[in-house]
Undergrad: 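Can you read through this structure? Questions will come right after.
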Amino acid sequence: MPERAKKIVIVGGVAAGATAAARVRRLDETAEIILLERGPYVSFANCGLPYHIAGTIEKRSKLLLQTPEGFFSRYRVQVLLNTEAVEIDREHKRLTVRDNKAPDPAQALSTIDYDGLILAQGGTPVIPPLPGVDQSHVFKLWTIPDMDAINKYIKEHNPKHAVVVGGGFIGLETAEAFVERGLSVTIVELTDHLMPPMDAVYGKRIQERFEAAGAKVLVQKGVQSIQQNTVTLNDGSQIPADLVLLSVGVRPNTELAKKAGLEIGSTGALVVDEYLKTQDPFIWAAGDMVEVVSRVSGAKVRIPLAGPANRQGRIAATNVVAALAEAEGKTGPAPLTYRGAIGTSVVKIFDETAASTGFSLAAAKKAGFNARETTILKAHHATYYPGDQDLLLTLVYEAGSGKLLGAQAYGKEGVEKRIDAAAVAIYAQLTVEHLTEIDFAYAPPYSSANDPLNMAAFSAVNALSGYSPQVSADEVPLDGSVQFLDVRTYGEYSHGHLAEATHIPLDELRDRLEELSKDKPIRIISKGGFEGHLANRILKQQGFSDVAYISGGWATLRLRNGLNIEA
């Protein structure tokens with residue numbers, strides 16, 4: 001009698017689940033694989049939804065990466081759409097499922113036995129309990145039907161004013177899509193800057209780009225209620241809104257796991273070990289619903305991003321096949337461990353890009369690190385080659401060891417490649433000193449002989465050693481206790497400056513030292529940091545003791561609130 005094939009059931013058919021199903025088949029041609037998806041589509045590109053609304057991705061079909069028929073044809077995976085797992089009988093290794101399209105509810109429930117179970121249910125957008133949230137012009141964007149509903153509403157109702165609640169990834173991408181569709185857009189963000197995982201200077205740069213495109217941005221504001229044609233904010237003001245998108249966060253889908261008695265961690269997500277196994281020896285989990293280890297801090301965190309979800313799906317699939325083979329005394333694949341995530345991300349802001357990896361300075365301090373930052377503004381490639389663009393780049397590092405903790409960047413060109421390199425450095429636990437030594441690819445159209453990452457690392461090392469002290473823009477007191485020295489050119493100074501600063505262009509500094517006091521701390525303002533470093537070295541060698549330049553120079557200082565700026 002032929003041996004019974006092992007049955008592996010996967011709950012959730014998007015990033016982690018679809019990846020897991022394909023991986024199981026590559027490892028075991030004999031396994032019976034069943035993939036359950038509670039929605040009407042499997043393996044769709046949810047990261048591409050805003051770009052179809054914008055019209056950048058013209059064909060809706062491009063977002064459908066696989067179909068049930070395609071899954072079966074290529075992988076012999078049985079896909080059950082509109083099928084929701086409602087209960088796990090761990091003792092008998094049995095799953096109760098509901099057919100959400102069944103004409104007779106009494107016949108909607110059935111059971112599926114499993115030998116190994118992978119939970120990959122992802123997350124669900126948080127819908128705040130606001131008055132008016134259930135109206136027909138209020139949307140979320142998470143699935144193909146969500147996208148279709150938004151497109152249909154725009155086509156049929158021709159809305160003029162869109163309000164996007166939340167300034168994270170989906171909120172910003174959809175706000176841009178609405179701008180591209182010709183709507184008047186207002187973004188409402190509860191924190192003090194857009195893209196809260198990044199530091200404030202980057203959120204403010206993103207805000208400037210949206211405002212340049214005609215959108216309105218309201219920070220430190222919340223929505224109190226939604227009416228037919230307006231939104232009321234928590235300060236009582238009203239803004240026009242005949243289309244509202246809610247994008248205030250994502251919660252992990254753990255209801256099924258909780259009901260089965262599986263452990264939920266302090267982050268609110270499902271607990272798994274380094275093999276992505278739950279405390280049940282026959283149940284693994286992957287994707288947005290699980291908590292993972294931060295490779296920066298070692299703490300348990302939630303990182304709901306597509307990249308980690310896909311890799312987790314691959315690892316969970318490998319380990320389920322390995323465990324079932326071992327249970328039968330057979331040779332299976334070597335188990336894989338998941339060593340944690342860094343949290344690397346990138347977002348398109350019209351013709352510009354914002355990207356980050358690891359911790360922001362605020363996040364590093366919150367995690368307990370004695371963290372510092374260094375920021376530079378540099379051309380993304382050699383300035384003598386046509387087309388150079390400003391690149392704002394920040395490195396976050398541990399003050400004592402110099403260990404790299406995070407990086408952020410913003411600009412038109414070369415942003416994501418620097419962040420990808422920084423992500424590798426964080427993974428390898430490199431220091432900023434290591435970054436000064438790395439050979440990055442160089443030719444004039446692509447970089448400079450010292451890449452911006454090298455230059456930022458030089459700046460950090462100089463600050464750590466005391467050779468060239470620096471302070472962040474937020475650390476500069478505005479109470480008159482320091483004297484500001486602006487060393488930018490006359491042209492740069494004329495476009496905006498701090499009213500109380502003494503302006504001495506760098507090339508004139510040695511001849512005008514008498515204009516500065518040695519009895520008062522000096523904080524140097526430069527274009528993007530480098531000229532501040534040069535001025536720093538001049539002054540320190542001329543007997544000025546308490547001197548530091550402002551990290552990022554005017555590029556960061558001008559974004560600080562409360563400054564007395566003149567143009």
Side-chain angles (χ1 to χ4, degrees), residues 38-39 46 49-50 53-54 84 100 121-179 181-197 203 206-207 210-211 214-255 258 267-269 288-289 302 304:
R38 68 177 179 178
N46 52 357
L49 303 180
I53 292 174
E84 186 172 2
N100 290 328
Q121 296 169 275
T124 298
V126 173
I127 304 299
L130 301 172
V133 78
D134 56 351
Q135 296 179 80
S136 62
H137 68 297
V138 181
F139 300 93
K140 57 181 173 52
L141 183 59
W142 198 248
T143 65
I144 294 285
D146 292 338
M147 178 192 72
D148 290 342
I150 291 172
N151 274 331
K152 181 180 179 183
Y153 187 85
I154 293 175
K155 182 178 180 179
E156 294 181 353
H157 294 85
N158 193 29
K160 304 297 183 185
H161 302 281
V163 170
V164 175
V165 185
F169 292 102
I170 296 173
L172 294 182
E173 289 168 347
T174 312
E176 179 179 335
F178 289 158
V179 171
R181 293 288 291 268
L183 280 73
S184 173
V185 176
T186 302
I187 304 171
V188 180
E189 169 56 44
L190 192 60
T191 70
D192 66 354
H193 64 277
L194 298 179
M195 195 54 70
I206 294 170
Q207 178 176 337
F210 267 96
E211 289 172 342
K216 186 175 182 180
V217 177
L218 302 175
V219 296
Q220 294 183 297
K221 301 288 185 183
V223 172
Q224 189 176 78
S225 62
I226 302 172
Q227 292 78 43
Q228 183 73 34
N229 296 302
T230 60
V231 163
T232 301
L233 303 181
N234 55 5
D235 62 0
S237 62
Q238 291 189 326
I239 51 178
D242 43 9
L243 188 157
V244 178
L245 179 86
L246 299 176
S247 181
V248 299
V250 177
R251 61 172 178 80
N253 289 328
T254 56
E255 293 82 2
K258 285 180 183 177
T267 66
D288 293 0
M289 68 179 297
R302 286 181 54 228

Undergrad: I want to check something: taking the side chain as every heavy atom from C-beta on, are Val223 and Leu233 in contact at a cut-off of under 4.5 Å?
TA: yes

Undergrad: Is there a salt bridge (charged side-chain N to carboxylate O under 4.0 Å, His left out) between Lys160 and Asp242? Walk through the geometry before answering.
TA: CA-CA 7 Å; Lys160 304 297 183 185; Asp242 43 9; over 6 Å; no

Undergrad: Take Leu49 and Asp146 through the side-chain contact (heavy atoms from CB on, under 4.5 Å) test and state the conclusion after the steps.
TA: CA-CA 9 Å; Leu49 303 180; Asp146 292 338; 5.7 Å; no

Undergrad: Quick one: CZ on Phe178 to CD1 on Ile187, what's the gap to the nearest 0.5 Å?
TA: 10.5 Å

Undergrad: Just by modelled atom types, is the Lys152 backbone N or O under 3.5 Å from a matching donor or acceptor in the His157 side chain?
TA: no

Undergrad: Looking only at non-hydrogen atoms, find the nearest pair between Ala162 and Leu183 and report the distance.
TA: CB-CD2, 3.6 Å

Undergrad: What pair of heavy atoms forms the shortest contact from Pro159 to Leu243, and how long is it?
TA: CG-CD1, 3.8 Å

Undergrad: If you take all heavy atoms of Ser247 and Ile170, which pair is closest and at what distance?
TA: OG-CB, 3.6 Å

Undergrad: Got a donor-acceptor contact below 3.5 angstrom from the Glu189 side chain to the Gly167 backbone?
TA: yes

Undergrad: Only one of Leu172, Ile150, Leu245, Thr174 forms a side-chain contact (heavy atoms from CB on, under 4.5 Å) with Pro50, so which one is it?
TA: Thr174

Undergrad: Has the side chain of Trp142 got a donor or acceptor atom that lies under 3.5 Å from a matching backbone atom of Gly123?
TA: yes

Undergrad: Between NE2 of His137 and CD of Gln227, what distance do you get to the nearest 0.5 Å?
TA: 8.0 Å

Undergrad: Please lay out, stage by stage, how Gln135 and Gln228 fare under the test side-chain contact (heavy atoms from CB on, under 4.5 Å).
TA: CA-CA 8 Å; Gln135 296 179 80; Gln228 183 73 34; 3.8 Å; yes

Undergrad: What's the spacing between Gln224 CD and Asp235 CG if we round to 0.5 Å?
TA: 8.5 Å

Undergrad: How close do Val248 and Pro128 get, counting heavy atoms only, and between which atoms?
TA: CG2-CD, 3.9 Å

Undergrad: Search all heavy atoms of Thr191 against all heavy atoms of Val219 and return the closest pair with its distance.
TA: O-CB, 3.5 Å

Undergrad: Would you say that Lys221 contacts Ile239 through its side chain, given a criterion of any heavy-atom pair below 4.5 Å between the two side chains?
TA: no

Undergrad: Nearest 0.5 angstrom please: Asp134 CG to Ile226 CD1, how far?
TA: 9.0 Å

Undergrad: Any side-chain heavy atom of Leu246 within less than 4.5 Å of one from Pro125?
TA: no

Undergrad: Give me the atom names and distance for the closest heavy-atom approach of Met289 to Asn253.
TA: CE-O, 3.3 Å

Undergrad: Any side-chain heavy atom of Val250 sitting closer than 4.5 Å to one from Lys140?
TA: no

Undergrad: Could you tell me whether the side chain of Asn229 reaches within less than 4.5 Å of the side chain of Pro240, counting heavy atoms only?
TA: no

Undergrad: If you apply the rule side-chain contact (heavy atoms from CB on, under 4.5 Å), what do you find for Ile53 with Glu173, and how did you get there?
TA: CA-CA 10 Å; Ile53 292 174; Glu173 289 168 347; over 6 Å; no

Undergrad: Is there a side-chain contact between Val231 and Val188 in this structure, where contact means two heavy atoms from C-beta onward sitting under 4.5 Å apart?
TA: no

Undergrad: Quick check for you: to the nearest 0.5 Å, what is the distance between Thr124 atom OG1 and Arg251 atom CZ?
TA: 4.5 Å

Undergrad: Do Lys216 and Phe210 pass the side-chain contact (heavy atoms from CB on, under 4.5 Å) test, and can you show the C-alpha distance, the side-chain angles, and the key distance before you say yes or no?
TA: CA-CA 7 Å; Lys216 186 175 182 180; Phe210 267 96; over 6 Å; no

Undergrad: Indicate yes or no: at least one non-hydrogen side-chain atom of Pro252 is less than 4.5 angstrom from one of Arg302.
TA: yes

